[in-house]
Each structure stands twice: as C-alpha cells, then as structure tokens.
Amino acid sequence: MTSSPWEQWQQVRATVQPQVAVVLGSGLGHLPLHYREAARVAYAEIPELTRGTVPGHTSCLSVGWYQDRPLILALGRLHLYEGLSLNQATALIRRLAEQKIQRIILTNAAGSLHPSLTPGSILSICAHYQLVGTDGWRSLARCQPVREVYAQDLYERLRTVPQGIYAAVTGPCYETPAEVQALVRCGVAAVGMSTAWEAEEAQRLGLEVVALSCLTNYATGIAGSVPHHAEVLQTSQQAHGRMWQLIASLLE
Ligand code: HPA
C-alpha cells in the first residue's frame with residue numbers, strides 16, 4: 001500500500017531529526033534565506049488540520065535545515081476566528097509535539113500598546129492573558145497573567161529585545177480603544193489573535209516554549225492608530241530578517 005503525503009513527510013522528518021519547530025505567523029510565513037527544504041506537506045493532508053483561510057498563511061509544514069541546523073517550519077497557523085474551536089486551533093501543536101521535538105518557537109504579528117515599542121520592533125513574550133470568551137476578560141481584572149508556560153532560561157539569548165506581556169483575543173475584529181486602554185492598565189505590551197492557547201498546549205505536552213511577537217502596528221487608539229491587515233502583513237514582511245536572527249539564536 002502506498003503511504004499518504006503525511007506519512008511520507010514524517011519519514012523524511014525522521015531522517016532530518018529536528019529538535020526545534022517554529023510556527024510562523026501572519027506575514028512571516030515565507031521561507032527564509034539559507035533554508036534548505038527536505039520535504040513539505042499541506043495542512044489539509046494532516047489529521048485534524050485544515051487549510052487556513054487567512055491571507056499571509058501558506059498552511060504547509062516544512063522540514064529542512066536553516067544554516068545547516070535541522071528544524072520544522074509551520075508556515076502559517078489556524079485561528080479561532082476562522083470558526084475553529086480551541087481544540088481545532090491547537091491541533092497543529094499536537095501534531096508538532098508528536099515529531100520528537102524538544103522546543104517550539106511561536107511567532108506572531110501583534111499590535112503594540114506602548115508608543116515606545118514602534119511598529120517593526122520585536123517583543124519576547126514573558127507572560128500572557130488568554131482573553132477568550134467572557135471569562136477570559138474577567139481574568140484580566142485579576143491582573144495575573146500566565147507566566148509559567150514560557151521557558152525562562154532561554155531569555156538570556158533574547159536580551160537584545162524587550163520582554164512583555166501578550167494578550168490573546170479571539171478576533172477577527174481589531175480591539176476597540178476602550179479594550180486597548182483596559183489592556184494597558186493591566187501592563188499588556190502586545191495584543192494579538194493567537195499563541196496563548198498554543199503555548200499552553202505545547203507546555204502541557206512537555207515542550208520548551210518561546211514566543212516572539214512582531215509588533216506590526218500600534219493597537220487601536222495608540223498614537224491615533226486604526227489597524228489594517230495590509231499594514232500587518234507589510235510590516236511583518238519587513239521584520240522577517242530580524243525575526244530570523246532571533247530564531248537562529250534559539251536553534252541550538
Ligand atoms: N490587534 C490584534 N491582533 C493583531 C494586531 C492588533 O492590533 N496587529 C496584528 N495582529
């Protein structure tokens with residue numbers, strides 16, 4: 001019997017032996033320079049996954065070498081606002097955790113809540129709020145973000161970038177100015193529509209978790225901003241090289 005595209009991809013993965021997987025978010029999902037691909041498979045071929053519907057997300061899993069270091073690249077992710085449940089939106093993390101990796105690097109595009117964190121800069125996430133559903137927003141009132149899922153011992157390698165708290169909302173609408181002000185009062189530095197539930201699932205499955213936000217825009221009302229997806233994609237594409245310098249420092 002012939003094997004499926006997913007089985008074939010896993011056979012190649014077993015020969016490449018990557019220890020690290022990188023999930024590439026909005027506008028970051030094209031292959032970097034110095035990456036040599038060994039195999040790729042569409043999410044639609046992977047159990048429990050579907051093709052993503054958001055522009056800027058290729059919806060493929062690639063395995064190969066970045067500067068001769070083996071890794072898995074998830075080109076794009078699945079979001080709650082595509083109509084998925086939390087279980088469906090975290091299926092990618094479960095499939096990655098099954099690939100004998102030790103570390104996962106989650107990247108995303110996010111809005112900045114601080115005038116000093118200008119669009120194009122990168123933030124390393126040290127904690128998050130998961131603001132999904134009514135109870136999620138209630139958790140903000142307690143001002144106790146989730147810290148323990150992020151691998152603190154890897155921050156030394158990221159000392160050139162600021163650290164901050166990320167808030168994950170369901171989307172797809174950008175926040176209102178009042179929501180942004182509530183986040184600012186609780187010390188949030190970046191707001192986006194992913195990553196928090198992925199980080200929790202990855203940690204539950206025993207992976208070391210690092211997360212990096214590309215701050216693509218000021219969040220609604222910060223410096224008078226009204227965010228647009230086109231701006232998000234454009235800025236994240238411009239930050240691609242810098243993001244890869246940081247990812248490279250996490251591949252050992
Ligand atoms: N808000 C939420 N998600 C985002 C933003 C934002 O301003 N920018 C990029 N993703």
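Atoms within a ligand are numbered from 1 in the order they appear, just like the ligands themselves.
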Discussion item. Please work out, at 4.0 Å between heavy atoms, whether the side chain, the backbone, both, or neither of Asn217 comes within that distance of ligand 1.
Written reply: side chain

Item to complete: Decide yes or no on side-chain hydrogen bond (donor to acceptor under 3.5 Å, both in side chains) for Arg242 and Gln245, but give the supporting numbers first.
Response: CA-CA 5 Å; Arg242 172 92 182 99; Gln245 278 176 353; 3.2 Å; yes

Worksheet item: Among Ser194, Ala168, Pro172, Gly111, whose heavy atom sits nearest atom 5 (C) of ligand 1?
Response: Gly111

Discussion item. Less than 6.0 angstrom separating the ring centers of Trp244 and Tyr66, yes or no?
Written reply: yes

Worksheet item: How far is atom 3 (N) of ligand 1 from its nearest protein heavy atom, and which residue and atom name does that atom have?
Response: Gly192 CA, 3.3 Å

List the atom pairs, donor and acceptor, that lie under 3.5 Å between side-chain atoms in residues 146-153 and the rest of the protein, sequence neighbours left out.
| residue | atom | partner | partner atom | Å |
| --- | --- | --- | --- | --- |
| Tyr150 | OH | His128 | ND1 | 2.6 |
| Gln152 | NE2 | Tyr150 | O | 3.4 |

Worksheet item: Where on Ser26 is there a heavy atom closer than 4.0 Å to ligand 1, on the side chain, on the backbone, on both, or on neither?
Response: neither

Worksheet item: When you look at Leu207 and Leu96, which way does the side-chain contact (heavy atoms from CB on, under 4.5 Å) test go after all the steps?
Response: CA-CA 10 Å; Leu207 300 179; Leu96 290 171; 5.7 Å; no

Item to complete: Between Val191 and ligand 1, find which residue part has any heavy-atom pair under 4.0 Å and reply side chain, backbone, both or neither.
Response: both

Response to the item:
Under 4.0 Å from one or more heavy atoms of Glu175, ligand 1 contributes atoms 1 (N), 2 (C), 6 (C), 7 (O)

Discussion item. Quick check on contacts: which atoms of ligand 1 are under 4.0 angstrom from a heavy atom of Thr216?
Written reply: 8 (N), 9 (C)

Discussion item. Can you check which of Ala109, Ser236, Cys173, Cys214 brings a heavy atom nearest to atom 10 (N) of ligand 1?
Written reply: Ala109

Worksheet item: Among side-chain atoms of Glu231 and His228, is any donor-acceptor pair under 3.5 angstrom?
Response: no

Worksheet entry | Atom indices of ligand 1, in the order listed, that fall short of 4.0 Å to a heavy atom of Met193 | 2 (C), 3 (N)

Worksheet item: Could you give the distance from NE2 (His34) to CG (Asp68), rounded to the nearest 0.5 Å?
Response: 11.0 Å

Worksheet item: Side-chain contact, heavy-atom cut-off 4.5 Å: Trp197 with Leu80?
Response: yes

